[in-house]
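First up is the structure itself, then whatever we jot down about it.
All figures in this text were calculated on a predicted structure; none of them were measured in a lab. As a basis for the values below, the full set of heavy atoms in this structure was taken, side chains included, without hydrogen atoms, waters or symmetry mates. Every chain is numbered from 1, with letters handed out A, B, ... down the list of sequences.
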Amino acid sequence: MATEFQNKVYRLLKRIPRGKVTTYKHIAHALKCKAYRAVGMACNKNPFAPKVPCHRVVNSDGTLGGFARGVKAKKALLTREGIEIKNNAIVKFKQVVYRF
DNA sequence: GCTTTGACTCTCG
DNA sequence: TCGAGAGCCAAAG
């Protein structure tokens with residue numbers, strides 16, 4: 001782990017149950033900050049690759065946003081968890097979103 | 001140690 | 001409804 005901030009992010013991500021997703025905004029809010037972008041960075045540099053489900057983090061509007069290994073991989077992973085994706089966007093976003 | 005950049009979000013036109 | 005601009009925080013250069 002690099003910093004405490006990132007550690008907090010990873011910890012929150014680990015909380016996310018399978019088949020659910022969250023947004024950068026919610027994570028930042030859980031950390032009581034507006035470091036939406038910093039949260040994304042933490043995931044990008046995620047040293048706990050498979051341990052931390054960074055692919056379960058999407059934009060506030062339900063779109064996938066970005067992914068280090070390509071949006072396609074993210075899409076595939078989410079679909080694998082039972083989340084429907086349509087054009088890089090979560091179909092039933094409000095239903096699969098996980099609130100801390 | 002300051003400047004740039006980024007897997008973001010909000011507001012305005 | 002959609003695109004552009006500004007704002008925010010942290011990490012890297």
**Message:** Using whole Å, what does the distance between atom C1' of nucleotide B:dC8 and atom NZ of A:Lys74 come to?
**Reply:** 11 Å
**N/O (side chain, A:Asn59) to phosphate O (OP1/OP2, B:dA7) under 4.0 Å** = no
**Message:** Distance check needed: B:dT4 P versus A:Met41 CE, whole Å only.
**Reply:** 15 Å
**Complete:** Comparing nearest nucleotides in DNA chain C, the 5'-proximal residue of the pair A:Tyr36, A:Phe5 is A:Tyr36
**Request:** Round to a whole Å and report the spacing from NZ of A:Lys8 to P of C:dC9.
**Result:** 14 Å
**Message:** If we ignore hydrogens and angles and just use 3.5 Å, is the side chain of A:Asp61 paired with the main-chain N or O of A:Thr63 as donor and acceptor?
**Reply:** yes
**Prompt:** In whole angstrom, what separates A:Arg37's CZ from C:dA11's C1'?
**Reply:** 12 Å
**Message:** In whole Å, I'd like the distance from the OH atom of A:Tyr10 to the P atom of B:dA7.
**Reply:** 14 Å
**Item:** Options B:dC8, C:dC8, C:dA11, nucleotide nearest the side-chain atoms of A:Tyr24
**Value:** B:dC8
**Message:** Without decimals, in angstroms, what is the distance between A:His29 NE2 and C:dC9 P?
**Reply:** 14 Å
**Message:** In this structure, how many angstroms lie between the P atom of B:dC8 and the NZ atom of A:Lys45, rounded?
**Reply:** 14 Å
**Distance test, side-chain N/O of A:Ser60 to OP1/OP2 of B:dT9, below 4.0 Å** = yes
**Message:** Does A:Cys33 reach a base, just sugar-phosphate, or nothing at all? Heavy atoms under 4.0 Å.
**Reply:** nothing
**Request:** In whole angstrom, give the distance that lies between atom CD1 of A:Ile27 and atom C1' of B:dC8.
**Result:** 11 Å
**Message:** Is there a side-chain contact between A:Thr3 and the phosphate of C:dA10, meaning an N or O under 4.0 Å from OP1 or OP2?
**Reply:** no
**Message:** Using side-chain heavy atoms (C-beta onward) and a distance below 4.5 Å, is A:Leu64 in contact with A:Leu78?
**Reply:** yes
**Side-chain heavy-atom pair A:Val58, A:Phe93 within 4.5 angstrom cut-off** = yes
**Prompt:** Base, sugar-phosphate, or nothing for A:Asn44, non-hydrogen atoms under 4.0 angstrom?
**Reply:** base
**Message:** Is there a side-chain contact between A:Lys25 and the phosphate of B:dC10, meaning an N or O under 4.0 Å from OP1 or OP2?
**Reply:** yes
**Message:** Do A:Lys75 and A:Asn88 make a side-chain contact, defined as non-hydrogen atoms from C-beta onward lying under 4.5 Å apart?
**Reply:** yes
**Prompt:** Are any non-hydrogen side-chain atoms of A:Lys14 and A:Val52 less than 4.5 angstrom apart?
**Reply:** yes
**Prompt:** With a 4.0 Å cut-off on heavy atoms, is A:Ala35 in touch with a base, just the backbone sugar-phosphate, or nothing at all?
**Reply:** sugar-phosphate
